[in-house]
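Right, one structure below, let's go through it.
First listed ligand is number 1; within each ligand, the first listed atom is number 1.
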Amino acid sequence: MTKEFVYEGKAIYFLGKAYSLKIREGGNGKRVRAERLPDCFLVQGSRLTKERIKAALEDWYIYNARIRFKNRCAHYAPLIGVTYHDIRIKNQKSRWGSCSGQGNLNFNWKLIMAPEEVLDYLVVHELCHRKHMNHSKEFWALVASILPDYKKQERWLRDNENKVLIW
Ligand SMILES: [Zn+2]
């Protein structure tokens with residue numbers, strides 16, 4: 001039997017697009033699996049609970065966030081003229097990203113729910129900190145040289161913080 005519903009009244013977002021969530025009970029495996037289909041997310045497994053569904057979706061998000069952030073950092077770093085050490089995908093309540101003095105870039109996996117341009121902006125923002133470890137005029141000029149409309153993405157983050165950060 002397949003039940004279909006929108007998780008806790010919210011759509012499931014991936015790169016800014018809203019998906020419905022389909023739940024399929026059954027199967028003999030103990031694992032709960034999440035996958036993205038063209039028009040919905042499908043979570044299937046046995047003994048499904050809200051927590052297990054959420055955990056499976058989170059695993060899927062984190063796995064795909066890692067791939068996406070790695071690709072986008074590799075794309076933008078040479079354009080900005082910087083290098084980095086490691087990319088870490090974090091579960092942070094209040095931060096979108098950060099850049100350590102050692103060159104490690106940390107990103108909040110929940111950004112994978114945001115539109116692509118917003119995710120790219122965070123990548124560029126943290127990479128620009130490899131040149132300027134502050135939010136000086138020079139820092140913002142460097143961001144703008146790569147993404148002239150970055151303020152639009154900043155605004156999106158401010159306006160949608162409560163939708164995306166709460167999960
Ligand atoms: Zn910053």
Q. Looking at Glu35 and Arg33, does any basic side-chain N land under 4.0 Å from a carboxylate oxygen?
A.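 Yes, charged N to carboxylate O under 4.0 Å.
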
Q. Can we say Lys151 and Asp149 salt-bridge, meaning some charged N sits less than 4.0 Å from an Asp/Glu carboxylate O?
A.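 No, Lys151 and Asp149 are not salt-bridged.
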
Q | Tyr76 versus Asp120, side-chain donor and acceptor atoms under 3.5 Å | A | yes

Q | Distance filter under 2.8 Å, centred on the Zn ion (ligand 1) - protein N, O or S atoms that pass it | A | His125 NE2, His129 NE2, His135 NE2

Q) Which residues pass the salt bridge (Lys or Arg N to Asp or Glu O under 4.0 Å) test with Arg68, sequence neighbours left out? A) Glu116

Q) Tyr150 vs Trp140 aromatic rings, parallel, tilted or perpendicular, using cut-offs 30° and 60°? A)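 The rings of Tyr150 and Trp140 lie parallel, inter-plane angle below 30°.
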
(Q) For a 4.5 angstrom cut-off between non-hydrogen side-chain atoms, does Val143 reach Tyr121? (A)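 Side-chain contact under 4.5 Å: yes.
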
